[in-house]
Amino acid sequence: MFRDRRKLIPWYFALPGLLWLLVFFLLPLVNQVGVSVMSGDPEAGYDLTWSFSNYSDAIDQYWPQIERSLVYAFAATVIDLAIAFPLAYFIAFKAGRWKGFLLLMVVLPFFMSQVLRTVSWQLILTDNGWVVSQLKGIGIVGDEGRVLATSWAVIGGIAYNYLPFMVLPLYASLDRLDRRLIEAATDLYASRPTAFRKVTIPLATPGIFAGSLLCFIPATGDFVNAALLGSSKQYMIGNVIQTNFLTVLDYPTAAALSFFLIGLILVGISIYSALLGTKNLTEVAG
Amino acid sequence: MSSAAVTTPGIASATGEIRFDAVTKRYGEVTVIDDLSLTIEPGTFYALLGPSGCGKTTTLRMVGGFELPTEGNIYLDGADVSHLPPNKRDVNTVFQSYALFPHLTVLKNVMFGLERRGVGKAEVQRRATEALDAVELGHLAERKPTALSGGQQQRVALARALVNRPHALLLDEPLGALDLRLRRQLQVEIKRVHAEVGITFVHVTHDQEEAMTMADVIAVMNRGRIEQAGSARDLYDTPQTAFVANFLGQSNLIDATVTGTDGEWTVVQTHDGVKLKAPTDRVAATTGKLAVGVRPEKVWIWDRIEEADAGERENKLTARVTSSAFLGVSMEYRVETAAGDELIVTVQNNRRNASPPYANGTEVELSWAPEHTFVVAVGADV
Ligand SMILES: Nc1ncnc2c1ncn2[C@@H]1O[C@H](COP(=O)(O)OP(=O)(O)OP(=O)(O)O)[C@@H](O)[C@H]1O
Ligand SMILES: [Mg+2]
């Protein structure tokens, strides 16, 4: 097959990476696929019985959480896009020598663990804390209302936690954008807003695409925000999987839900990239 | 300075008169364009020629609307456009890097300007296709610009600008990134397009040969000012400053003073006392720091020992050969005069009995016809 030995060389370079994927990604994955079709109970242990009904049972039982995960993740992604685009635009085009500093500020929260960051939000938004009493004062929150244990708290937490994932790819594609293209657009009778719509946005699409995926995918599986800022009424699929794995010890259900989630996301990505036409986009970016 | 505005035959009234009225551009404390006034006649192929950093691009960008003048006004066909944004000006630009939109096909690139101006869909399509055909790229209409060669991209940029029928076309070193052969080819092509469309072309370059090949009027810029503007022949034959004399072709310049004039002829004396004659109409200045000059190919070189008595000649200098180079069509000698001036003499290799070249160290006599002599002002920065 490889008449020319030099064609093998790229494969040698890929070898460590391929081995890594095999050992740390594929093996556990195959193992969990097995677990997902086992049956039994925590005391007696689980046996491989190819019980595919685990999937339909799990989906039926936890559909509300699945749905909620998608809605929360989608809402958080949209919020992040709305915040991150102007921010990334400002950093790329207007920040001048403050660029490096501002980018550092964007990633700085990452120096602290996600759980700690979220716990501090829990403290900030606590029921009789300063923030909530102010919100009550101006009538945004009712007298008996709370901020914690609402969908908004969880969505806000997710948006907060994944914002840098949106800012960085957007910044990368905007920073790379050749300013002369915008000049060329205005030279060709486009007003500033038209140039933005016809040139800036299309050329930033690879960043929008990458950023939305980097936000949406981990957000769908997130459990920290719902656990710390929400209540069981805001539980997402991640919380269900976590509870089933670690508390209830119903491994097959947890594994089945995980794979269902993976499948769902893969289908979602294909539709999304078909919509955005990423084939052309990667050409542009390259 | 003669105005060499060429109005293309067949086109009733060429458009694109560009006028700078005392334009100054400063970035902070730095003055980049200094009190610039100039008029570009409609339909002219106007080259802005000058060394790197002299302000050519800045000048062009002020016409396009990408930079605004700090002081003064810019008029396009009589209308003050000094502070209009680029999209409100009837000029189009061919950018140095082409700046083609990478996310649009070649055809869509060309259609961009027409679409913005609300031209009907069918009309846009037709004119864009026509413009692409005119630069022989019709068959590549559906490609992305990144899949084109440099020369092809350049042509697309040209089509994308011209399809809008602007009053003037601005070109910022449009051939800078291309190899020599392609440059030559596109120089001819752009020149042809100019003759066809009959609008003003303002072409920025730092390549004097390119400027001479293409332009009707060449403006030599230096440090944010125009030293001299005129036809290539004007600038070459009667440079007014030492900078122009050196920038457009080579010149032999010797510090000198004007000692007298008898109408048609002016007598100058070099710093070591040699008297030379120059036509009075080629004396650009008579006061201030001056230099007398002659082009290397106008100078005759004689072996002082063997040929010295070959007759009475005016404008003579004695010198010694310091080096020589065979350039194919010519020999180039570098000589040093008794006063220490370094001069260049080129001799066409067309003598019937081609004498062997003068060896280094040979004592020679230089002479040239007085009508080839010129006198220029020496600025602070030559
Ligand atoms: N935005 C700016 N801020 C400060 N100085 C600038 C700016 N743009 C240009 N300059 C300065 O203005 C001068 C003229 O620049 P310009 O680009 O017009 O030169 P140019 O003649 O086109 O040179 P080149 O042949 O290298 O392209 C340069 O000294 C440059 O450093
Ligand atoms: Mg320039």
Side-chain angles (χ1 to χ4, degrees), chain A residues 81 85 88-89 92-98 169-212 272-286, chain B residues 57 60-67 84-105 108-119 124 128 131 142-147 153 156-166 168-173:
Chain A
L81 187 60
F85 200 98
Y89 187 89
F93 285 83
K94 311 278 179 200
R97 56 202 181 86
W98 292 98
L170 274 178
Y171 166 78
S173 64
L174 285 172
D175 191 51
R176 189 170 52 178
L177 195 149
D178 187 348
R179 309 296 136 90
R180 281 167 300 194
L181 294 177
I182 297 167
E183 284 189 350
T186 58
D187 186 67
L188 294 164
Y189 314 109
S191 59
R192 278 338 232 38
T194 310
F196 183 77
R197 203 160 43 81
K198 289 282 175 182
V199 177
T200 310
I201 298 260
L203 290 176
T205 313
I208 296 174
F209 181 73
S212 326
Y272 187 46
S273 64
L275 282 178
L276 274 190
T278 26
K279 259 213 179 105
N280 294 334
L281 289 171
T282 40
E283 245 170 56
V284 168
Chain B
T57 298
L60 199 73
R61 287 172 61 82
M62 285 195 288
V63 181
F66 307 115
E67 306 282 353
L84 288 184
N87 53 318
K88 298 272 166 61
R89 300 189 187 201
D90 266 330
V91 295
N92 286 114
T93 307
V94 174
F95 293 85
Q96 175 164 11
S97 54
Y98 316 132
L100 299 176
F101 304 123
H103 59 296
L104 301 178
T105 63
K108 290 261 165 60
N109 264 277
V110 178
M111 286 161 61
F112 195 93
L114 294 174
E115 283 174 341
R116 301 287 85 70
R117 306 191 104 185
V119 177
V124 171
E142 293 310 318
R143 286 233 190 126
K144 288 282 171 65
T146 40
Q153 291 185 29
V156 175
L158 203 61
R160 185 178 72 170
L162 285 172
V163 74
N164 305 295
R165 301 186 188 144
L169 184 71
L170 312 175
L171 306 106
D172 190 0
E173 307 214 19

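This structure is a prediction, so every number in the text was calculated from the model and none was measured. Quick note on labels: first sequence line is chain A, next is B, and so on, each numbered from 1.
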Taken in chain and number order and not counting sequence neighbours, the residues that satisfy salt bridge (charged side-chain N to carboxylate O under 4.0 Å, His left out) with B:Glu173 are none
message = Any heavy-atom pair between the side chains of B:Pro102 and A:Leu181 that's under 4.5 Å?
response = yes
message: Looking at A:Arg192, I'd like to know if its CZ atom is crowded, meaning that more than 12 non-hydrogen atoms belonging to other residues, nucleotides or ligands lie closer than 6.0 Å.
response: no
A:Ala190 meets the side-chain contact (heavy atoms from CB on, under 4.5 Å) criterion, sequence neighbours left out, with A:Ala185, A:Thr194, A:Ala195, B:Phe112, B:Arg116
Separation between CZ (A:Arg180) and CZ (B:Phe95), nearest 0.5 Å, reads 9.0 Å
Scored by heavy-atom pairs under 4.5 Å with chain A, the best of B:Gly65, B:Pro86, B:Ala157 is B:Pro86
The interface call for B:Phe101 against chain A, heavy-atom contacts under 4.5 Å, is both
Shortest non-hydrogen pair, B:Asn92 vs A:Asp187, comes out as ND2-O, 3.0 Å
The reported gap from OG1 in A:Thr186 to CG in B:Asn87 (rounded to nearest 0.5 angstrom) is 6.5 Å
Interface check, chain A: of B:Leu104, B:Leu114, B:Val91, most non-hydrogen pairs under 4.5 Å belong to B:Val91
Rounding to 0.5 Å, atoms CD (B:Glu67) and CD (A:Glu183) come to a distance of 7.5 Å
Cut-off 4.5 Å, heavy atoms of chain A, and the answer for B:Arg61 is side chain
Shortest non-hydrogen pair, A:Ala184 vs B:Ala99, comes out as CB-O, 3.8 Å
So, the part of B:Leu170 with a heavy atom under 4.5 Å from chain A: the answer is neither
